[in-house]
K.L.:
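Here it is: the structure, laid out below.
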Protein chains: 2
Amino acid sequence: MPATIRDVARASGVHISTVSRTFSAPHLVNPETRVRVLASAEELGYRPNRAARALITGRTHNIGLIIADIANPFFPPLIKAAEGQARHRDYHVFVADTNEDPTAEEELVHALAKQVDGVLLCSPRMSNSLIEQVSREVPVVVINRQVAGLPCVMMDVGQGARSAIEHLLGLGHRRIALLGGPRGSWTNREIRRAAGAAARAGGAELTLLGPNPPTETGGGAQAEQVRRSGVTAVLAYNDLMAIGLIEGLDQLGLRVPQDVSVVGVDDIALSRLTRPKLTTVATPTAAAGRTAVDMLLQHDSEPRPRGGGRSAAVGDRRTTAQVMLQTELVIRDSTGPVPETGRTRPGGTPESPGPHRLADPGGPARTTGGVVAS
Amino acid sequence: MPATIRDVARASGVHISTVSRTFSAPHLVNPETRVRVLASAEELGYRPNRAARALITGRTHNIGLIIADIANPFFPPLIKAAEGQARHRDYHVFVADTNEDPTAEEELVHALAKQVDGVLLCSPRMSNSLIEQVSREVPVVVINRQVAGLPCVMMDVGQGARSAIEHLLGLGHRRIALLGGPRGSWTNREIRRAAGAAARAGGAELTLLGPNPPTETGGGAQAEQVRRSGVTAVLAYNDLMAIGLIEGLDQLGLRVPQDVSVVGVDDIALSRLTRPKLTTVATPTAAAGRTAVDMLLQHDSEPRPRGGGRSAAVGDRRTTAQVMLQTELVIRDSTGPVPETGRTRPGGTPESPGPHRLADPGGPARTTGGVVAS
DNA sequence: TTCTTCGCTGCAAACCTTTGCAGTGAAGAG
DNA sequence: CTCTTCACTGCAAAGGTTTGCAGCGAAGAA
C-alpha cells in the first residue's frame with residue numbers, strides 16, 4: 001500500500017536515484033525536477049522507508065532506552081532528559097520496559113539492536129558478562145552500573161548511603177535496617193557496601209532485609225519485619241519502598257519519624273508530597289540521562305567509512321569513559337532523633353518531639369561528575 | 001564489526017540460504033549441517049539483522065506505543081498491559097514519549113513507522129485529519145480518542161464525568177468548577193460536554209478553568225482561581241491535577257473536602273495514597289492497553305501474499321471496530337457535603353463533618369466494552 | 001573549432017535477509 | 001536396472017534505499 005521510491009520515480013519520470021537525492025541532497029537536483037518529484041511524492045503520500053535507509057547508511061537516528069520498570073517514578077525524569085538531549089542531536093528515543101526481568105532485558109536489546117544506533121542500558125538486571133556480550137552487537141552505554149570496558153554513567157549512591165547512615169548516627173540511631181532492593185542491582189550492592197561500612201564505623205548494628213521488589217508493595221511488605229527487628233531507623237533501597245514502608249508501619253501503629261526514622265534514595269517528586277516528607281538521597285537522574293546520550297552519540301559526527309572495510313558504528317569510541325555523578329542527602333521530615341529507650345511501644349507519648357528539619361536545598365542535586373577511568 | 005549471515009556461511013562452508021534456514025526453519029536443514037552452522041554463528045556472535053529481515057518479510061514483531069507523557073502515572077498500567085499482551089503474541093513494545101507535543105507526536109510515528117508493525121496512538125494531541133494521514137503510512141489503533149474509520153478504544157469518561165457531577169449534586173453542590181486539561185485532548189472535550197450537560201440538568205453552574213497542562217503543577221496553579229471563583233466543588237481533568245489542586249488549596253488554607261470537594265479522573269495508584277484519598281472516576285487503563293494490542297494484531301495470523309501484489313499490512317482489517325470501555329466512580333475522601341452557606345471563610349469550624357464515604361468497589365473497573373461501530 | 005568545466009541525471013552495486021524454485025544425490029519401489 | 005521420491009542445499013530475485021562513478025549536453029575558454 002505505501003508508495004515506494006520507485007513509484008515516485010515512475011510518476012515523475014525520473015530515476016529513483018534522483019528521487020532519493022531530492023530528499024537527502026536537494027541541492028544536487030535541478031529545481032524544476034525537484035518540484036516535480038516533490039509533487040508526485042506528495043500526491044502518492046510517499047515517505048522514505050527509514051529501515052531500508054538505515055540498512056545502507058548504518059544510521060537510524062534512533063536510540064533505545066531500556067529500563068527496569070517504567071512505573072517507577074524514578075525513571076521518567078531520566079527518560080525525559082535523554083529525550084531532550086537526543087532531540088537536540090536529531091535523534092529519537094524508543095523506550096522499552098523490562099519489568100525487572102533479565103530475560104526480557106536481553107530480548108529487548110536484540111529486538112532494538114538493529115533499529116537503533118545505540119542502547120542505553122538503565123539499571124540493568126542482567127549479568128555483567130551478558131552486558132559485555134550484547135555490547136558486541138550494538139553500542140551500549142550503561143547507566144547505574146559499573147562494567148569494565150564499557151562506557152558507564154553512575155550515581156554515587158555509595159556516598160549517599162554513607163551520608164544517610166551518618167545522618168542517622170548523628171540522630172542517635174544505633175540499630176538500623178537496610179531495606180534491600182532487587183537482586184542483580186548494582187545500586188543495591190553499592191548501598192549495602194557503603195551503608196555497612198558506615199554503620200560499622202559508627203558502631204551501629206545494620207540489619208539486612210531483602211532482597212525485595214523495589215516498589216511500594218515491596219517496601220510495605222517488610223513493615224512487620226522492621227517492627228520485629230526492633231530497629232529505630234531504616235535506609236530503603238529507593239523512595240518507593242520507603243514510602244510503602246512508611247504506609248505499612250503506619251498500619252502497624254508505628255509513627256514516622258517518632259517511632260522509626262526512614263530514609264529513601266532517589267528523591268522522586270512524590271517524596272516531597274507524602275506526609276511526612278521523605279528524607280532521601282537525591283540522585284541526579286536527569287543529568288544521568290543527558291550524559292548517557294552524549295556519551296553514546298559523541299562520535300556520530302565522524303565520517304563513516306564505506307565499501308571495503310566494515311563501517312564504524314556509533315559506539316566505536318577509543319576512549320570509553322566512566323562517569324560518576326554526585327548525590328546529595330536531602331533531609332526532610334521522615335527522620336528524627338532516636339526514641340528514648342524503654343518506650344518501645346508506640347502511642348504512649350502525647351506529642352513526640354517534632355520532626356527534625358533542616359534547610360531543604362530545594363533544587364536538583366549538583367550533577368558534575370568526575371571522569372573515573374578511561 | 002557484527003557478523004553477517006555471509007560471514008557465518010563462509011565460516012561453515014554453506015550457502016547463506018542454509019544459514020538463514022538454520023534460524024528461521026531449522027527442520028529444513030540437516031542436523032549435522034545445523035550444528036555446524038550454529039557453532040560458527042555462536043563463535044562469530046552472529047545475530048540475524050532484524051531490520052533486513054523485516055524489509056523482506058514485512059514483519060518486525062514490534063509495536064510502537066506513542067504516549068503524551070511518560071511521567072504521568074496514568075500511563076504505566078496501560079503500557080504494562082500492552083507489553084504483556086504483546087509478549088503473549090511474541091511482540092515487543094517500543095514506547096515513545098511526546099511531551100504533549102503534537103509535532104513530536106507526528107515525528108515519532110514517522111520514526112517508528114517502518115520499525116514496527118503498527119502503532120498505538122495513546123491520547124493523541126494531533127488533529128484527527130493528521131491521524132488519518134499517518135494511518136496511511138502505518139497501521140494505527142487510537143486510544144482515548146474517536147476518529148472515524150480507524151480502530152479506536154475509548155474509555156467512557158463522559159459517563160464518568162456525569163456520575164461525578166451527579167455525585168456532587170447529591171452532596172448539595174451547585175457551584176462547580178471544571179479544571180480543564182490540555183488542548184487537543186478528546187477526553188477533555190468529552191468530560192466538558194458530559195459535565196456541562198449533567199450540571200445543566202441538575203441546575204448547577206459550571207465554571208470552566210483551562211486549558212491547563214495535565215500535571216500536578218497544572219492543577220496547583222489553578223488553586224487561586226478556584227478560590228476566587230467561589231465554587232464548592234471541582235472536577236479535574238485527571239488525578240494528577242486534582243492532587244496538585246488539593247495541595248494548592250491546602251496552601252491557601254482551604255481544606256478538602258470540608259471547604260471544597262475535589263474529584264479526579266483516572267484512579268491512578270497515587271490517588272489511594274494521598275490524604276485525603278481521592279474520589280475519582282476509575283478508567284480501565286490496563287484493559288485499554290490489552291484491547292488495543294489485540295485490535296492491532298488481530299489479523300497477524302493471516303497469510304501474507306508475496307511477489308506481485310502489494311502485501312497486506314497488519315492493520316489491513318476490513319472491520320475497524322471501535323470499543324468503548326466502562327468507567328466507574330470511586331468515592332473516597334476528597335468529596336463531602338457542601339459547606340453551609342455563609343461560612344465561606346475557612347478555619348472557623350472546629351471539626352467539619354467528616355468525609356462522606358461509600359463502599360469502595362476496590363477492584364479495577366469492569367472492562368467489558370460494547371462494540372459501537374463496525 | 002576544440003577542449004574543459006559544470007550541473008544534472010542515470011547506472012548499478014551495496015546493505016542483509018528471506019524464499020520460491022531448481023538441482024543433487026541417495027534411497028526405495030517396481 | 002530404471003524411475004520416482006525425498007531430504008537437503010544452492011541459486012537468484014526481491015525488499016527499499018543510498019551513493020560513487022560515469023555520461024550527457026550546454027556553456028565558456030582558448
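Proteins come first, then strands; the chains are lettered A, B, ... in the order of their sequence lines, and each starts at number 1. Since the model is a prediction, treat every value here as computed from it, not as a measurement.
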K.L.:
Check the phosphate of C:dG10 against A:Thr18, side-chain N and O only, distance under 4.0 Å to OP1 or OP2. Yes or no?
P.N.:
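For C:dG10, OP1 or OP2 has a side-chain N or O of A:Thr18 closer than 4.0 Å.
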K.L.:
Would you mind classifying the nucleic acid contact of B:Arg21 as base, sugar-phosphate or nothing, using non-hydrogen atoms under 4.0 angstrom?
P.N.:
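Base contact.
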K.L.:
Return the value, rounded to whole Å, for the distance between atom CG of A:Asn30 and atom P of C:dC6.
P.N.:
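The distance from CG of A:Asn30 to P of C:dC6 comes to 18 Å, rounded to the nearest Å.
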K.L.:
Salt bridge check, B:Arg125 against B:Asp101: does any charged N sit closer than 4.0 Å to a carboxylate O?
P.N.:
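No, no charged N to carboxylate O under 4.0 Å.
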K.L.:
Do the side chains of B:Glu107 and A:Arg87 get close enough for a salt bridge, i.e. N-O under 4.0 angstrom?
P.N.:
yes
K.L.:
For a quick test of reading the model: is some side-chain N or O of B:Ser24 closer than 4.0 Å to OP1 or OP2 of C:dT17?
P.N.:
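For B:Ser24, the contact criterion (side-chain N or O under 4.0 Å from OP1 or OP2 of C:dT17) is not met.
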K.L.:
Atom CD1 of A:Ile16 and atom C1' of C:dT9: how far apart are they, to the nearest Å?
P.N.:
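Atom-to-atom, A:Ile16 to C:dT9, this comes out as 13 Å.
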K.L.:
Could you tell me whether the phosphate oxygens of C:dT9, OP1 or OP2, come under 4.0 Å of any side-chain nitrogen or oxygen in A:Thr33?
P.N.:
yes
K.L.:
Name the nucleic acid region contacted by A:Arg34, choosing base, sugar-phosphate or nothing; use a 4.0 angstrom heavy-atom cut-off, strictly under.
P.N.:
nothing
K.L.:
Of all the nucleotides listed (C:dC11, C:dG20, C:dA14), which has the minimum atom distance to the side chain of A:Ile56?
P.N.:
C:dA14
K.L.:
Please give, in whole Å, the distance from D:dG15 P to B:Ile5 CD1?
P.N.:
18 Å
K.L.:
Whole angstrom is fine here: how far is it from NE2 in B:His15 over to C1' in C:dA22?
P.N.:
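Between C1' of C:dA22 and NE2 of B:His15: 13 Å.
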K.L.:
Any side-chain N or O of A:Ser20 under 4.0 Å from OP1/OP2 of D:dT17?
P.N.:
no
K.L.:
Which whole-number value in Å describes the distance from A:Arg10 CZ to D:dG16 P?
P.N.:
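Rounding to the nearest Å, CZ of A:Arg10 and P of D:dG16 are 11 Å apart.
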K.L.:
Taking the nucleotide of DNA chain D with the nearest heavy atom to each, does B:His27 or B:Leu55 sit closer to the 5' end?
P.N.:
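Closest to the 5' end, via its nearest nucleotide, is B:His27.
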K.L.:
Can you check whether B:Val147's main-chain N or O pairs, donor with acceptor, with B:Gln322's side chain at less than 3.5 Å?
P.N.:
yes
K.L.:
Looking only at atom types and distance, does a side-chain atom of A:Asp69 sit under 3.5 Å from a main-chain N or O of A:Asn99, one as donor and one as acceptor?
P.N.:
no
K.L.:
Whole-Å distance between D:dC8 C1' and B:Glu32 CD?
P.N.:
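It is 12 Å, rounded to the nearest whole Å.
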K.L.:
Could you check how far CG of B:Asp7 sits from C1' of C:dC16, rounded to whole Å?
P.N.:
11 Å
K.L.:
Of all the nucleotides listed (D:dT17, D:dA12, C:dT9), which has the minimum atom distance to the side chain of A:Val29?
P.N.:
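Nucleotide nearest to A:Val29's side chain: C:dT9.
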K.L.:
Counting side-chain heavy atoms from C-beta on, which of D:dT17, C:dC16, D:dT19 comes nearest to A:Thr4?
P.N.:
D:dT17
K.L.:
Using heavy-atom distances to pick each residue's nearest nucleotide on DNA chain C, tell me which of B:Tyr46 and A:Arg36 is more 5'.
P.N.:
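Going by which nucleotide is closer to the 5' end, it is A:Arg36.
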K.L.:
List the residues meeting ring-ring contact (aromatic ring centres under 6.0 Å, His included) with A:Phe75, not counting sequence neighbours, and say none if there are none.
P.N.:
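ring-ring contact (aromatic ring centres under 6.0 Å, His included) check on A:Phe75 returns nothing, list empty.
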K.L.:
Output the rounded distance in Å from CG (A:Leu28) to P (D:dG23).
P.N.:
19 Å
